[in-house]
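Questions regarding the structure given below will be posed in turn.
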Amino acid sequence: MIKITFPDGTVREYESGITSMEIAKSISEGLARNVLSAKVNGEIWDATRPISNDSKLQLLTWDSPEGKATFWHSSAHLMAEALEILYPETKFGIGPPIEAGFYYDIDTGDHQILLADLPKIEAKMKELAANKSTYNRRVVSKSDAIEFFKEKEDEYKLELIEDLEDGSITFYQQGNFVDLCRGPHLPDTSKIKAIKLTNVAGAYWRGDEKRKMMTRIYGITFPKQKELTEYLELVEEAKKRDHRKLGAELELFMFSDKVGAGLPIWLPKGTALRSRLEDFLKEEQLKRNYQPVITPHIGKKDLYVISGHYEKYGQDSFHPIQTPREGEEFLLKPMNCPHHCEIYGHKPHSYRDLPIRIAEFGTVYRYEQSGELHGLSRVRGFTQDDAHIFCTPDQLKEEFLGVLDLTKLVLRKLGFDNYTAQISLRDQEDKSKYIGSDENWDRAEKAIIDATGEVGLETVIVHGEAAFYGPKLDFMVKDALGRSWQLGTIQVDYNLPERFQLEYIGSDNEAHRPVMIHRAPFGSMERFIGVLIEHTAGKFPLWLTPEQYAILPISDQYLEYANKVQATLSTLGLRGYIDSRTESIGRKIRDTELNKVPYMLIVGEKEESAGVVAVRKQGEGDQGAMKVEDWAIALKSNM
RNA sequence: GCCACCCUAGCUCAGAUGGUAGAGCAACGCAUUCGUAAUGCGUGGGUCGAGGGUUCGAGUCCCUUGGGUGGCUCCA
């Protein structure tokens with residue numbers, strides 16, 4: 001007999017060799033039906049694998065991430081089985097589960113798999129799933145494994161096996177399909193009820209751009225058809241909210257072939273929105289003793305040689321601008337910090353001056369790879385809500401707290417309530433790739449951890465993700481559809497003060513190196529607004545929206561009254577426009593609804609004679625008639 | 001940058017196998033002065049992303065190039 005310990009601490013005894021599935025059955029049939037795999041002593045196992053020692057056991061179902069991973073991993077195998085039947089010449093790379101679904105990288109030789117082929121593969125998968133084939137695990141020797149895949153002429157699997165240790169190699173088989181795999185897998189294929197292959201794309205073998213480009217097929221599966229339907233609806237909703245689509249429809253920004261890829265052009269409405277965001281932050285920063293500065297868009301190449309950016313990125317970014325003067329070269333600025341370091345360095349500083357907070361909405365240019373460009377999220381010219389705080393090592397934590405507070409305010413103000421902070425620290429194993437003393441690093445890392453703890457921020461710590469010049473914190477923000485985005489960032493930097501020889505005179509009358517903090521609560525205006533568009537589906541908060549109201553006269557007889565209404569609203573500080581087209585009221589309402597203007601004020605004979613407006617709220621309909629002033633005041637108190 | 005796919009009127013999209021382009025919406029004109037998501041009728045609009053090639057003939061086939069989409073790699 002063996003002792004099995006459950007997550008709630010209870011212990012039950014079973015025969016040695018019992019499987020998780022059998023244990024689940026001993027608890028309830030319903031549970032057994034839902035079990036996908038099991039965590040045995042922290043390791044994820046097949047539910048059908050015998051347990052022969054005392055163990056801790058957690059049964060995994062669809063509700064756990066590990067359960068989903070098992071489900072999707074098995075789905076990848078199912079797809080591979082279908083592919084092998086349909087395209088016998090296929091060679092297989094890797095086929096893991098991902099955040100939402102799975103993929104398999106395959107090499108189909110001369111035959112190309114197109115999007116149009118996916119339904120056929122999908123159908124074959126459904127057919128195979130219904131066979132209720134079990135996933136059978138077996139341990140094979142390295143030589144047997146090699147022989148098997150030599151036979152199949154699958155050089156990818158052979159390469160994978162090379163890196164594996166003899167004795168730890170397992171095969172899984174369902175139906176006639178055998179795959180090299182660590183597992184675990186589902187008990188059988190019949191659990192996979194709903195199948196959708198979503199995409200086909202290229203992917204380098206082992207992520208190495210020098211190696212062969214394979215075909216990657218993405219898919220997602222669910223235990224219930226309904227869950228697939230819901231998932232597809234979410235994808236549809238995400239498409240509707242796509243900031244590239246809404247940005248064009250709402251006339252916020254555009255791109256032009258002639259201006260160049262990745263260079264967003266802000267249209268009047270987008271500019272109105274962006275300026276309001278900027279003004280909001282500028283005001284907050286003034287309250288917090290930031291000093292706004294303005295620096296040029298270019299700087300001599302030497303500036304970036306000093307900062308180190310030229311060496312690291314010079315070849316892969318915009319190349320220097322030549323001038324009529326021999327040997328003179330300027331760079332489009334890829335970062336604002338070198339300029340700000342020059343500002344700090346232009347006069348001596350006492351420790352009494354610190355911290356110094358230099359802020360600039362600085363536009364920077366980086367030559368992102370053409371394949372990387374994407375709407376406003378990845379561009380070649382963008383504006384950071386940048387600031388650099390120069391402080392003493394002692395002030396680090398206090399300054400961090402201040403920045404955290406400001407960033408939280410920004411996110412709250414824009415309706416992002418769901419976020420975590422990712423703290424990126426040094427790689428503990430290899431400290432050689434970082435610059436700055438151990439003591440300083442320890443101090444900075446501790447300051448970040450302490451500060452986030454003090455403000456009660458939910459954090460994830462990632463070792464080895466720090467920049468070479470210092471640890472950092474990134475805000476990971478979840479939008480209305482539950483998707484995560486990296487927005488604001490705070491980074492500690494020991495490198496630039498060193499390179500620019502920045503100093504302050506301490507109370508000991510000696511020169512010391514200040515610490516620098518880079519921080520940007522929005523991150524970049526472009527990226528932030530892109531995320532904001534998708535988060536709000538284009539229905540921006542009232543204080544931000546380019547147009548707060550539209551006055552819709554029933555006919556042009558009421559234009560004069562409409563003008564009066566608008567004059568009143570302007571005086572009260574609200575912005576909007578009159579739709580003076582000779583169109584039906586139905587038409588005007590429809591167009592205004594589609595433009596997502598939050599309020600419509602309809603004026604006709606009734607309203608004019610009563611001195612009121614008929615208020616209609618976007619997406620909600622008629623709100624009844626009221627005095628303009630009353631409406632405006634109520635609205636403003638809500639903003 | 002790499003792989004695949006795409007680019008036809010302002011927008012969304014039709015245009016088997018090569019025979020010099022079409023719809024809806026928008027725009028413009030006229031009529032309509034209208035009560036909570038599209039008033040009616042009419043008109044104009046395209047060097048088919050650009051350049052080159054094959055062909056008697058190219059939106060359609062080939063090459064180069066710009067831009068986009070989905071991935072991969074990258075991201076100060």
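Sequence lines set the chain letters: A, B, ... in the order given, protein chains first and strands last, and positions in each chain run from 1.
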Fill in: Stepwise side chain to side chain contact (heavy atoms under 4.5 Å, CB included) test for I343(A) and H340(A)
CA-CA 5 Å; I343(A) 292 176; H340(A) 291 185; 4.3 Å; yes
Worksheet item: rC48(B) and rU43(B): how far apart are their P atoms, nearest whole angstrom?
Response: 25 Å
Worksheet item: Using a cut-off of 4.0 Å on non-hydrogen atoms, how would the nucleic acid contact of Y103(A) be classed: base, sugar-phosphate, or nothing?
Response: nothing
Practice prompt. Mind calculating the distance between CH2 (W205(A)) and C1' (rC3(B)) to the nearest angstrom?
Written response: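 Answer to the nearest Å: 17 Å.
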Item to complete: Tell me what Y469(A) touches on the nucleic acid: a base, only sugar-phosphate, or nothing, going by heavy atoms under 4.0 Å.
Response: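 Sugar-phosphate, backbone atoms only, no base.
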Item to complete: With the side chain of R366(A) defined as its heavy atoms from C-beta on, choose the nearest nucleotide among rA76(B), rU36(B), rA37(B).
Response: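 So the side chain of R366(A) is nearest to rA76(B).
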Worksheet item: Is S317(A) touching bases, backbone alone, or none of the nucleic acid, heavy atoms closer than 4.0 Å?
Response: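 Answer is base: heavy atoms of S317(A) come under 4.0 Å of a base.
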Item to complete: Just call it for H374(A): base, sugar-phosphate, or nothing, with non-hydrogen atoms closer than 4.0 Å on any strand.
Response: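 Sugar-phosphate contact only.
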Worksheet item: Across the strands shown, which category fits D556(A) at heavy-atom distances under 4.0 angstrom: base, sugar-phosphate, nothing?
Response: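 Since a base atom lies under 4.0 Å of D556(A), the category is base.
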Item to complete: Mind calculating the distance between CD (Q315(A)) and C1' (rA76(B)) to the nearest angstrom?
Response: 16 Å
Discussion item. When the C1' atoms of rG45(B) and rA31(B) are compared, how many Å lie between them, rounded to an integer?
Written reply: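 To the nearest whole Å, 23 Å.
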Discussion item. Taking only side-chain N and O atoms of R216(A), does any of them lie within less than 4.0 angstrom of OP1 or OP2 on rC72(B)?
Written reply: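 Yes, within the criterion.
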Fill in: Residues E155(A) and K212(A) bridged, charged N to O under 4.0 Å
no
Practice prompt. Describe the nucleic acid contact of R244(A) in one word from base, sugar-phosphate, nothing, applying a heavy-atom distance below 4.0 Å.
Written response: sugar-phosphate
Item to complete: Could you tell me whether G371(A) contacts a base, only the sugar-phosphate backbone, or nothing, with contacts defined as non-hydrogen atoms closer than 4.0 Å?
Response: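 Result for G371(A) = base.
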Response to the item:
Output for pair (I490(A) CD1, T407(A) OG1), nearest 0.5 Å, gives 4.5 Å
Worksheet item: So which nucleotide from rC34(B), rA76(B), rA38(B) ends up closest to the side chain of R587(A)?
Response: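 The nucleotide sitting nearest to the side chain is rA38(B).
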Worksheet item: What distance, rounded to whole Å, do you find between the two C1' atoms, one in rU17(B) and one in rU12(B)?
Response: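 Nearest-Å result for rU17(B) against rU12(B) at atom C1': 28 Å.
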Fill in: A261(A) side-chain proximity, nearest of rG70(B), rA37(B), rG67(B)
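The answer is rG67(B).
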Worksheet entry | Nucleotide of rA37(B), rG66(B), rG71(B) approaching R590(A) most closely (side-chain heavy atoms) |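 Out of rA37(B), rG66(B), rG71(B), the nucleotide with an atom closest to R590(A)'s side chain is rA37(B).
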Discussion item. Using a 4.0 Å heavy-atom cut-off, does S370(A) contact any base of the nucleic acid, only the sugar-phosphate backbone, or nothing at all?
Written reply: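 Touches a base.
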Practice prompt. Classify the nucleic acid contact of T215(A) as base, sugar-phosphate or nothing, counting any heavy atom under 4.0 Å across all strands shown.
Written response: nothing
Practice prompt. May I ask you to say what A248(A) touches in the nucleic acid, namely base, sugar-phosphate or nothing, with a heavy-atom cut-off under 4.0 Å?
Written response: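 Touches nothing.
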Item to complete: For nucleotides rA16(B) and rG49(B), find the distance between their P atoms and express it as a whole number of Å.
Response: 15 Å
Discussion item. Set out, in order, the CA-CA distance, both residues' side-chain angles and the distance that settles side chain to side chain contact (heavy atoms under 4.5 Å, CB included) for T489(A) and F475(A), then state yes or no.
Written reply: CA-CA 6 Å; T489(A) 181; F475(A) 277 82; over 6 Å; no
Worksheet item: So, W485(A) versus E534(A): side-chain donor-acceptor pair below 3.5 Å or not?
Response: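 No, no side-chain donor-acceptor pair sits under 3.5 Å.
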Practice prompt. Spell out yes or no: do the side chain of Y204(A) and the base of rG1(B) have one donor N/O and one acceptor N/O closer than 3.5 Å?
Written response: yes
Discussion item. Is it the case that rC75(B) (base atoms only) and R378(A) (side chain only) share a donor and an acceptor within less than 3.5 Å, ignoring hydrogens and angles?
Written reply: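 For R378(A), whose side chain was compared with the base of rC75(B), there is a donor-acceptor pair (under 3.5 Å).
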Worksheet item: With rounding to whole Å, what would you report as the distance between rA27(B) and rG70(B) at their C1' atoms?
Response: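 The same atom, C1', in both gives a distance of 34 Å.
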Discussion item. Applying a 4.0 Å non-hydrogen cut-off, can you work out what K606(A) is touching in the nucleic acid: base, sugar-phosphate, or nothing?
Written reply: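 Touches a base.
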Discussion item. So if I take every side-chain heavy atom of Q491(A) and compare against rG35(B), rU39(B), rA76(B), which nucleotide ends up nearest?
Written reply: rA76(B)
Worksheet item: Considering heavy-atom distances to RNA chain B, does R581(A) or G619(A) have its closest nucleotide positioned more toward the 5' end?
Response: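 Upstream on the strand: R581(A).
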Item to complete: Whole angstrom is fine here: how far is it from CZ in R527(A) over to P in rC75(B)?
Response: 15 Å
Item to complete: Could you pick out which residue, D242(A) or G260(A), lies toward the 5' side of RNA chain B when each is mapped onto its nearest nucleotide?
Response: G260(A)
Worksheet item: Does K539(A) come within less than 4.0 Å of E620(A), counting only side-chain N to carboxylate O?
Response: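 Judged by the 4.0 Å cut-off on N to carboxylate O distance, K539(A) and E620(A) do not form a salt bridge.
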Worksheet item: Less than 3.5 Å between a donor and an acceptor, one on the side chain of E607(A) and one on the base of rG35(B), is that the case here?
Response: yes
Worksheet item: Are Q623(A) and Y599(A) close enough that a side-chain donor and a side-chain acceptor fall under 3.5 Å?
Response: no
Fill in: Euclidean distance, atom CD of residue E605(A) to atom P of rC34(B) [Å, nearest integer]
9 Å
Discussion item. Salt bridge check, R590(A) against E593(A): does any charged N sit closer than 4.0 Å to a carboxylate O?
Written reply: no
Practice prompt. Compare the ring of Y313(A) with the six-membered ring in the base of rA76(B) and state whether they stack (centres under 5.5 Å, planes under 30°).
Written response: yes
Practice prompt. With pairs defined as Watson-Crick or G-U wobble and both distances under 3.5 angstrom, please note down RNA chain B as a dot-bracket string, | for pairing with another strand.
Written response: (((((((..((((.....[..)))).(((((.......))))).....(((((..]....))))))))))))....
Worksheet item: Between Y231(A) and F222(A), how do the two ring planes meet: parallel, tilted or perpendicular, split at 30° and 60°?
Response: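 Rings of Y231(A) and F222(A): tilted, 30 to 60°.
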Worksheet item: Using a cut-off of less than 4.0 Å, is there contact between a side-chain N or O of T582(A) and OP1 or OP2 of rU33(B)?
Response: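 No, because none of the side-chain N or O atoms of T582(A) sits under 4.0 Å from OP1 or OP2 of rU33(B).
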Response to the item:
Whole-Å distance, K312(A) NZ to rC75(B) P, equals 7 Å
Worksheet entry | Among rC2(B), rU33(B), rG67(B), the nucleotide that comes nearest once only the side chain of M213(A) is considered |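 Selected nucleotide: rC2(B).
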Item to complete: Look at the side chain of I585(A) and decide which nucleotide, out of rA76(B), rG35(B), rG1(B), has an atom nearest to it.
Response: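 In terms of side-chain proximity for I585(A), the closest of rA76(B), rG35(B), rG1(B) is rG35(B).
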Worksheet item: Would you call D105(A) and R216(A) a salt bridge, taking side-chain N to carboxylate O under 4.0 Å as the test?
Response: yes
Discussion item. Counting the atoms with a prime plus P, OP1 and OP2 as sugar-phosphate, which does E583(A) contact under 4.0 Å by heavy atoms, base, sugar-phosphate, or nothing?
Written reply: base
Item to complete: Please determine if R380(A) forms a cation-pi arrangement with Y367(A), meaning its NZ or CZ atom is less than 6.0 Å from the six-membered ring centre and no more than 45° off the ring axis.
Response: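 Yes, R380(A) lies over the aromatic ring of Y367(A).
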Worksheet item: Between I265(A) (CD1) and rG67(B) (P), how many Å, whole number?
Response: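 My rounded result for the distance is 13 Å.
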Discussion item. Rounding to an integer number of Å, can you tell me how far E249(A) CD sits from rA26(B) P?
Written reply: 15 Å
Worksheet item: Nearest-Å distance, OH (Y367(A)) to P (rG1(B))?
Response: 5 Å
